[in-house]
Protein chains: 2
Amino acid sequence: MHSAPVLAIGEFSRLTHLGVRTLRRYHDAGLLGPACVDHATGYRYYTAEQIPAAQVIHRLRELDVPLPEVQRILRSPDPASRAALVADHPQRLESELERTRAAVASLRRLLQPEPPPLDVELRAVPAATVAAVEDDVAHDELLAWYAGAMAELDAAVEEPVGAPGTLCDNALFEHGRGHVLVYRPTARPPRRGRVHPVTLPAVELAVTTHAGPHDDIDVTYGELGAWVVANALAVAGPVRERYPVGPRDTDDASAWRTEIGWPVFHVGPG
Amino acid sequence: MHSAPVLAIGEFSRLTHLGVRTLRRYHDAGLLGPACVDHATGYRYYTAEQIPAAQVIHRLRELDVPLPEVQRILRSPDPASRAALVADHPQRLESELERTRAAVASLRRLLQPEPPPLDVELRAVPAATVAAVEDDVAHDELLAWYAGAMAELDAAVEEPVGAPGTLCDNALFEHGRGHVLVYRPTARPPRRGRVHPVTLPAVELAVTTHAGPHDDIDVTYGELGAWVVANALAVAGPVRERYPVGPRDTDDASAWRTEIGWPVFHVGPG
DNA sequence: GCTGGACCCTCCCCCGGGGGGAGGGTGCAC
DNA sequence: GTGCACCCTCCCCCCGGGGGAGGGTCCAGC
């Protein structure tokens, strides 16, 4: 026998294609400890049985699964529940891909040499009491939250008057988390579940309409913002959106129309 | 006039949806400097004209384009060359996706409850002089390098004898960079371009065959490594691969056959 | 003119998931 | 017994930010 089936860290590294330092890190993190540690020297010794675990970690890391999550997956002893945890991640990858697609679309529009002119309308919006759902939401959970809130709103409001809309706190974009309010105008706002009446204050808005899916809506935001700045109107308060034509109305995303209303402080003929 | 078209960093942040700290970082990095800086106070002032640039940066960052690369894109004044640089990135995303797909495939095999038994054969390989291309290669450029090297090899070798193969330094896997040699056996190895004769030393190999695409070849590597360890054979030298059936032979990836040869030190009937 | 509060500045430490290298102890084959 | 590959710990570096401290500035209202 040349070597007992006990592996020094370097051998284990060659067998698993994980770097020596990385193995030490995984040990420190409690992710993949050696089968035995020499107390006198600190030497780590692994066994061949640990190779599959190391490979699983390697693959999960290639999928950018964070180490604590990897730990949770390895801790779950049942292969079925383990598989379930792993199956969770394609979802994450899916949404990642979606984000990428949107960024590419937006980039294409940004790099387009001739931006079409922007139609901006100044509009005085009176105060109104509406049915609303509101919460503090993180940017990456926004879409899911939005879908749920809108569904609840739809179920609760019997006679909607006009298009639904949103008020978005700026903090949502600056810090990735902020207050969001989804509303639906109606004569008598109900109170059911998360749905409750809210009185939106009167505002003066600089309004433009974004056409198509929201992939590149940030570009329209920027153009509207530039317009507001160029026309010397001070800003204040949350941005408003309205959805005259949205996913509820048609599956043809190119037909969607989103009004973006930027609060302006001083509107007058001068 | 309430405000000149000069924007404090906070206003610019609201207009671009970039955090204040992030804007400061971009300034420090020379990526997006403010139009003007008050020397006395250090206050940064931006203009509305900078909004598109900020948005481009925002999108590129969403695509995980590193800041220096973003800078290169922004520096290129010509919209066409800029578009070309940007178009370069979908490629990167593509390969990213490929990596992800491979990791998922490999993971699926790893989590499979009943791994099929491994056929391992001990084989004494005599020394041989072959036509080879070799270089120090990084792991992520391996596939591209490999394709080029193999093509050059194919063009130079007139009468190949047997399947092509590879010698891979372990450092490639441990440190992400290492020496790789691609060879093709032939009676009289030519010397043309990068192709030159190399005498491969004789080795004893533990050989197993991996079936199908290389997505999950690391799993086979691990199984073979475990076998070598369990059978108490010391390892030494670079791992060898041979390609009896590869992409050159058929487009049906499931028909591919890759022999993995793990050098073992002491082979005998005992 | 003064004051308060919102805004801005710089500076330092933190995160994850490693990599590089220093400085020193070990295992093993010759 | 000696050389050398191997192993250990410890600290700093990378990226692209985030948190917060401590202090200066702008401006609207009075």
Side-chain angles (χ1 to χ4, degrees), chain A residues 1-4 6-14 17-32 34 36-46 57-58 60-71 138-139 170-171 173-177 234-236 265-266, chain B residues 1-4 6-14 17-32 34 36-46 57-58 60-71 138-140 170-171 173-178 234-236 265-266:
Chain A
M1 295 287 165
H2 279 85
S3 66
V6 65
L7 304 162
I9 197 169
E11 299 173 276
F12 194 66
S13 161
R14 278 185 288 279
H17 295 170
L18 287 165
V20 168
R21 330 182 62 99
T22 304
L23 286 172
R24 285 201 272 255
R25 181 177 310 276
Y26 290 170
H27 180 199
D28 293 345
L31 237 171
L32 178 68
C36 128
V37 177
D38 185 321
H39 285 262
T41 68
Y43 276 33
R44 295 167 177 86
Y45 293 104
Y46 297 80
I57 297 176
H58 199 170
L60 290 173
R61 284 300 305 138
E62 277 191 351
L63 297 174
D64 287 321
V65 177
L67 291 188
E69 179 74 14
V70 173
Q71 188 162 23
H139 196 210
N170 268 310
F173 306 111
E174 288 175 47
H175 308 302
R177 165 168 286 280
V235 300
F265 201 62
H266 180 77
Chain B
M1 295 284 165
H2 279 85
S3 65
V6 66
L7 304 162
I9 196 168
E11 300 173 274
F12 194 67
S13 161
R14 277 186 288 278
H17 295 169
L18 286 165
V20 169
R21 327 180 66 98
T22 304
L23 286 173
R24 285 201 271 255
R25 180 176 312 275
Y26 290 169
H27 180 199
D28 293 344
L31 237 172
L32 179 68
C36 127
V37 177
D38 186 321
H39 285 262
T41 68
Y43 275 34
R44 295 168 178 85
Y45 293 105
Y46 298 81
I57 297 175
H58 199 169
L60 290 173
R61 285 300 305 138
E62 276 191 352
L63 297 174
D64 288 322
V65 177
L67 291 188
E69 181 71 16
V70 172
Q71 188 162 22
H139 196 209
D140 42 354
N170 268 311
F173 306 110
E174 287 174 48
H175 308 301
R177 167 168 284 280
V235 301
F265 203 61
H266 181 78

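When reading the values below, keep in mind they use all heavy atoms of this one structure, side chains included, and skip hydrogens, waters and symmetry mates. Chain A is the first sequence line, chain B the second, and so forth, proteins listed ahead of strands; every chain is numbered from 1.
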query: Rounded to the nearest Å, what distance is computed from the NE2 atom of residue H39(B) to the P atom of nucleotide dC8(C)?
result: 19 Å
- line: Rounded to whole Å, CG of L60(A) lies from P of dG18(C) at a distance of 12 Å
query: R25(A) CZ to dC15(C) P: how many Å, rounded?
result: 13 Å
query: If you round to the nearest 0.5 Å, how far is CZ of F12(A) from CG of L7(A)?
result: 7.0 Å
message: Measuring to OP1 and OP2 of dG17(D), would you say a side-chain N or O of R61(B) lies under 4.0 angstrom away?
response: yes
- prompt: When the distance from CD1 of I57(A) to C1' of dG16(C) is rounded to whole Å, what number comes out?
  reply: 16 Å
message: Quick check for you: to the nearest 0.5 Å, what is the distance between L63(A) atom CG and E69(A) atom CD?
response: 11.5 Å
field: Minimum-distance nucleotide (side-chain atoms of T22(A) versus dG18(C), dG27(C), dG17(C))
entry: dG18(C)
task: Measure from CG on L7(A) to P on dC6(D) and round the result to the nearest Å.
output: 14 Å
- prompt: At their closest point, which heavy atom of L23(B) faces which heavy atom of L18(B), and how far apart are they?
  reply: CD2-CD1, 3.9 Å
field: Atom pair distance, as rounded to whole Å: CG in L31(B) and P in dC15(D)
entry: 13 Å
Protein-to-nucleotide contact annotation, 5' to 3' order, nucleotides 8-14 of chain D [B base; S sugar-phosphate only; - none; under 4.0 Å, heavy atom]: SB-----
Listing, residues 25-32 of chain B side-chain donor-acceptor contacts under 3.5 Å, not counting sequence neighbours, or none:
residue	atom	partner	partner atom	Å
H27(B)	ND1	R44(B)	NE	2.9

query: Within the structure, does a side-chain N or O atom of Y26(B) lie under 4.0 Å from either OP1 or OP2 of dG16(D)?
result: no
message: Quick check: closest heavy atoms across R177(A) and A138(A), and the distance to 0.1 Å?
response: NH2-CB, 3.5 Å
- prompt: When you match D38(A) and P68(A) each to their closest nucleotide on DNA chain C, which lands nearer the 5' end?
  reply: P68(A)
A40(B) vs L67(B), nearer the 5' end of DNA chain D by closest nucleotide: L67(B)
- request: Could you walk me through whether R24(B) and V20(B) pass the side chain to side chain contact (heavy atoms under 4.5 Å, CB included) test, one step at a time?
  value: CA-CA 6 Å; R24(B) 285 201 271 255; V20(B) 169; 3.6 Å; yes
- prompt: Rounded to the nearest Å, what distance is computed from the CD atom of residue E62(A) to the C1' atom of nucleotide dG17(C)?
  reply: 14 Å
message: Could you tell me if the side chain of P34(A) sits less than 4.5 Å from the side chain of Y45(A), heavy atoms only?
response: no
